[in-house]
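One structure below.
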Amino acid sequence: MADGERMSRRRHGPDVIQRILEAALAEFCANGFVGAHIESIARGADVTKQLVYYYFESKAALYEAVMQFAIAEGFADILETNFARLPPREAARTFFEQCFDFYARTPALITLALDYNLHGESRRDLPRVRREVYGVYEAIMRRAIDDGLIPADTDIATSFKFALMVVVGSFIGGDKPFGYGEPEQDPVERAQAQRGKVIAAVLAILGLKS
């Protein structure tokens with residue numbers, strides 16, 4: 001097989017979209033939507049800039065696809081777990097432990113999520129996977145209401161936002177306020193060390209602390 005044909009197959013093979021999305025995820029996490037460059041994404045994926053635009057009509061379209069890709073990859077565990085077999089309190093604990101572990105694996109996604117809230121074209125219509133993840137949470141909380149564990153008028157959507165803020169916040173910043181004191185521990189290492197406390201705080205917010 002000629003070198004040109006081999007290169008053509010690599011650049012147009014079935015994994016090309018996967019490589020573009022992975023390269024774009026790294027670029028957007030590092031530089032945000034405004035600072036990201038299609039040229040850098042193309043180099044990272046080992047394709048031409050034209051081929052990126054062949055699959056994604058614009059930088060904004062690629063950005064949306066990256067969010068879908070990252071969320072689908074990260075929240076796969078949640079969507080595959082049978083929470084219905086768990087009591088509501090244990091289901092909520094498992095749900096947020098999996099959320100925590102997702103961000104621990106890909107902490108750069110926290111920055112991307114914040115950037116997406118500013119620049120994502122569809123931010124008012126959450127990506128499909130995020131809606132599915134919220135649906136899992138909502139089902140858990142409705143069972144908690146049915147079992148009398150939390151008040152019937154609980155604002156499920158608001159509780160979800162606050163609980164996620166606690167999880168995400170555990171990866172931001174360091175142990176010392178305003179950067180004073182000893183050098184800060186790596187945020188991911190610090191969060192992992194406090195995983196149990198973080199989940200306990202979440203359950204307390206939800207009114208499900210045992």
Side-chain H-bond candidate by donor/acceptor type, Gln68 with Glu64, under 3.5 Å: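 Side chains of Gln68 and Glu64: no pair found under 3.5 Å.
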Spatial distance of atom [atom1] ([X]) from atom [atom2] ([Y]) [nearest 0.5 Å]:
| X | Y | atom1 | atom2 | answer |
| --- | --- | --- | --- | --- |
| Arg131 | Tyr134 | CZ | OH | 13.0 Å |
| Tyr63 | Leu25 | OH | CG | 10.5 Å |
| Met141 | Leu149 | CE | CG | 9.5 Å |
| Glu97 | Leu203 | CD | CG | 8.5 Å |
| Arg85 | Glu90 | CZ | CD | 9.0 Å |

One pair to check against side-chain contact (heavy atoms from CB on, under 4.5 Å): Phe102 and Asp77. What are the steps and the verdict? CA-CA 9 Å; Phe102 163 45; Asp77 288 346; over 6 Å; no
Minimal non-hydrogen separation, [X] against [Y], with atom names:
| X | Y | answer |
| --- | --- | --- |
| Glu132 | Leu79 | OE1-CD1, 3.5 Å |
| Leu51 | Ile20 | O-CD1, 4.5 Å |
| Ile199 | Phe100 | CD1-CB, 4.3 Å |
| Ala91 | Arg143 | CB-NH2, 3.8 Å |
| Phe56 | Ala65 | CE2-CB, 3.6 Å |
| Gly44 | Ala23 | C-CB, 3.8 Å |

Non-hydrogen side-chain atoms of [X] and [Y] separated by less than 4.5 Å:
| X | Y | answer |
| --- | --- | --- |
| Val136 | Thr81 | no |
| Ile78 | Phe83 | yes |
| Ile38 | Leu62 | yes |
| Lys49 | Val52 | no |
| Leu208 | Val202 | no |
| Phe96 | Leu206 | yes |
| Phe69 | Glu22 | yes |

Is the backbone N or O of Ala36 less than 3.5 Å from a side-chain atom of Lys59, with the two atoms forming a donor-acceptor pair by type?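 Present.
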Donor-acceptor under 3.5 Å (Gln194 side chain, Ser170 main chain):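 Such a contact is absent between Gln194 side chain and Ser170 backbone.
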Can you list the residues that meet the side-chain hydrogen bond (donor to acceptor under 3.5 Å, both in side chains) rule with Thr94, with sequence neighbours excluded?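 side-chain hydrogen bond (donor to acceptor under 3.5 Å, both in side chains) check on Thr94 returns nothing, list empty.
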Closer than 4.0 angstrom, basic N to acidic O: yes or no for Arg195 and Asp101?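 A salt bridge links Arg195 with Asp101.
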With the threshold set at 4.0 Å, does a side-chain nitrogen-carboxylate oxygen contact exist between Glu138 and Arg142?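 A salt bridge links Glu138 with Arg142.
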How are the rings of Tyr103 and Phe75 set to each other: parallel, tilted or perpendicular (split at 30° and 60°)?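 Rings of Tyr103 and Phe75: perpendicular, as their planes differ by over 60°.
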What side-chain donor-acceptor pairs closer than 3.5 Å can you find for residues 157-167, not counting sequence neighbours?
from, atom 1, to, atom 2, distance (Å)
Thr158, OG1, Asp155, OD1, 3.2
Thr158, OG1, Asp155, OD2, 2.9
Ser159, OG, Tyr137, OH, 2.5
Ser159, OG, Ile156, O, 2.7

